[in-house]
Peer 1: 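Pasting a structure here, questions to come.
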Amino acid sequence: MRRCDVLVVGGGPAGSTCATALVRAGLDVVVADQASFPRDKVCAGWITPAVVEELALDLADYRQGRTLEAVRGFRLGRMGDRTHLHRYADPMSYGIRRCEFDHYLLERSGARLALGLRVGAVARRGARWIVGDRFETDMLVGAGGHFCPVARSLGAEPDAAVIAAEEVEIAVADGDVAAGALEAGVPELYFTRDLTGYGWAFRKGAFVNIGLGVRVDSPSGAGNRAGPQLRRRVEDFVRLLIDMRRIARAPETRMVGHAYVTCRDSRRRRFGDGFVLVGDAAGLACERSGEGIRCAVESGMLAAQAIRDALARGSTLASDLCGYGEALDRRFGAAACAGPDPAALAPASLRRAVAAALMASEWFSRRVVLERWFLRSGEEALAPLSQPATRP
Ligand SMILES: Cc1cc2nc3c(=O)[nH]c(=O)nc-3n(C[C@H](O)[C@H](O)[C@H](O)COP(=O)(O)OP(=O)(O)OC[C@H]3O[C@@H](n4cnc5c(N)ncnc54)[C@H](O)[C@@H]3O)c2cc1C
């Protein structure tokens, strides 16, 4: 049995960020993931500048041999309506590929890695956790994404709703007609007419990512049955992109589906004696845009801070981890996303009419939808990860 100070289950952005911060604080950290890296993750691969800042990403280093597309424009509209094209002089976001991004972050974390290790239900023995009959630890971080085993064992509460989404990422060569009229670095976002979600087409470097996500009420796991309906909506969206000549033909590769939860709809218990949940495991994605990478990174950083403080006091009890719950509330709670959505109180037909009128406005589309809801400009990033200690 190998001992470690902290065992992180899941090596996505939430797990690797938390592990990086803990390793840099001098703790012995193991990251266990069922996958061997590099591995892919169902995702459009759009990161906002806050992510770059918080992770202290060296973009010149990152782009060596990897896709990094600076985003300097967005096309936005409701499906079937007129779209607005918004351009910017400076990069407003970046396009990455998750198979590269997650691998890069995990490698630079400096944590011990246990890859190809599928973690099942976790068991507590006294004040310790025994994981996979291989590791023994006082502190467990559940970073295993939407279906995280730690969340299922310890934090499971039914989510109010899930975002059910499908995407595909295909390689395109320069001049390849398959990419249609899509411009590199100009993601296109098309809101569904019932405003429950949006589809996207995003050309980044030599790849095009196409997908669609919708919010599905899930009081009793209905989100898991969204499959066939979602598939139809995705097919309709792909046909629309072809009709609009944004792409030339339907991708031959089959779309892949996944689900995740926004901070408004999550009911998960995010910490307890000896454990915290981070990222999708905690259900923290941004309510308006569905952005999840930033929330994964930020919760990873906040959890690391709380764990460091608790371990410094010699305790991993929930009462010593409640700083994490408070930090989450400040960052993702009340003002950010908790409470009822006032728009939901209006009848659907009225919401659709108002949304159509608002989306037709270039000002609303740029300043509110794009800059406030999607780019969250004006919201400060967290202090970046500290640099690794250099050896004397
Ligand atoms: C279609 C789609 C498009 C999206 N597009 C964007 C986007 O463009 N930008 C954005 O910001 N967000 C996007 N998101 C959301 C974003 O992908 C997630 O919020 C983000 O990946 C969460 O990171 P995480 O580290 O919490 O979990 P994950 O990235 O899911 O990582 C979890 C890790 O845990 C591992 N794991 C799971 N179960 C086990 C187990 N039993 N044992 C061991 N390991 C396990 C997995 O292998 C995985 O490596 C999108 C989501 C979807 C579904």
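As a basis for the values below, the full set of heavy atoms in this structure was taken, side chains included, without hydrogen atoms, waters or symmetry mates. In each ligand, atom 1 is the first atom listed, and ligand 1 is the first ligand listed.
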Peer 1: Given Gly257, Cys43, Gly144, which one has a non-hydrogen atom that is nearest to atom 34 (O) of ligand 1?
Peer 2: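 Minimum heavy-atom distance to atom 34 (O) of ligand 1 goes to Gly144.
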Peer 1: Within 45° of the ring axis of Phe202 and under 6.0 Å from its six-membered ring centre, is that where the NZ or CZ of Lys204 lies?
Peer 2: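 Yes, Lys204 lies over the aromatic ring of Phe202.
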Peer 1: Using a strict cut-off of less than 4.0 Å between a Lys/Arg side-chain nitrogen and an Asp/Glu carboxylate oxygen, indicate whether Glu188 and Arg246 qualify as a salt bridge.
Peer 2: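 A salt bridge links Glu188 with Arg246.
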Peer 1: Are Arg366 and Tyr88 in a cation-pi contact, defined as NZ or CZ under 6.0 Å from the six-membered ring centre and within 45° of the axis?
Peer 2: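 Judged by the rule, Arg366 and Tyr88 form a cation-pi pair.
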Peer 1: Which is it for Ala296 and ligand 1 at heavy atoms under 4.0 Å: side chain, backbone, both or neither?
Peer 2: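 The answer is the side chain of Ala296.
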Peer 1: So, regarding Trp46 and ligand 1 (criterion: nitrogen or oxygen to nitrogen or oxygen, under 3.5 Å), is there a contact or not?
Peer 2: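 For ligand 1, there is an N or O atom that lies under 3.5 Å from one belonging to Trp46.
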Peer 1: So which of Gly15, Gly12, Ala44, Cys286 gets nearest to atom 4 (C) of ligand 1, if we judge by its closest heavy atom?
Peer 2: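 When every heavy atom of Gly15, Gly12, Ala44, Cys286 is considered, Ala44 comes closest to atom 4 (C) of ligand 1.
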Peer 1: Which of these, Val31, Val278, Asp33, Leu115, has its nearest heavy atom closest to atom 35 (C) of ligand 1?
Peer 2: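 Shortest heavy-atom distance from atom 35 (C) of ligand 1: Asp33.
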Peer 1: Kindly indicate whether a cation-pi arrangement holds for Arg152 with Phe147, taking the cut-offs as under 6.0 Å to the six-membered ring centre and within 45° of the axis.
Peer 2: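 No cation-pi geometry.
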Peer 1: Is it the side chain (CB and beyond), the backbone, both or neither of Leu117 that lies under 4.0 Å from ligand 1, heavy atoms counted?
Peer 2: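 Within the 4.0 Å criterion, Leu117 contacts ligand 1 through backbone atoms alone.
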Peer 1: If we only count N/O pairs under 3.5 Å, is Pro149 in contact with ligand 1?
Peer 2: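 Checking ligand 1 against Pro149, no N or O pair falls under 3.5 Å apart.
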Peer 1: Tell me which one of Phe74, Trp373, Phe374 satisfies ring-ring contact (aromatic ring centres under 6.0 Å, His included) with Tyr198.
Peer 2: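 It is Phe374; the other options fail the test.
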Peer 1: Listed by chain and number, what are the side-chain contact (heavy atoms from CB on, under 4.5 Å) partners of Ala165, not counting sequence neighbours?
Peer 2: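 For Ala165, no residue satisfies side-chain contact (heavy atoms from CB on, under 4.5 Å) once neighbours in sequence are set aside.
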Peer 1: Side chain or backbone, does Asp102 bring an N or O within less than 3.5 Å of an N or O on ligand 1?
Peer 2: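 So ligand 1 has no N or O lying under 3.5 Å from an N or O of Asp102.
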Peer 1: Look only at interatomic distance and state if Ala165 has a nitrogen or oxygen under 3.5 Å from any nitrogen or oxygen of ligand 1.
Peer 2: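 For ligand 1, there is no N or O atom that lies under 3.5 Å from one belonging to Ala165.
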Peer 1: Using modelled atom types and a 3.5 Å cut-off, is there a donor and acceptor pairing between side-chain atoms of Thr20 and backbone atoms of Ser16?
Peer 2: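 Yes; judged by distance alone, with no hydrogens or angles, the pair exists.
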Peer 1: Find all atoms of ligand 1 within a distance of less than 4.0 Å from any non-hydrogen atom belonging to Asp280, and give their numbers and elements.
Peer 2: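 Under 4.0 Å from Asp280, ligand 1 has these atoms: 18 (C), 19 (O), 20 (C), 22 (C), 26 (O).
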Peer 1: Looking at ligand 1, does any of its N/O atoms fall within less than 3.5 Å of an N/O of Cys148?
Peer 2: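 In this structure, Cys148 places no N or O atom under 3.5 Å from an N or O of ligand 1.
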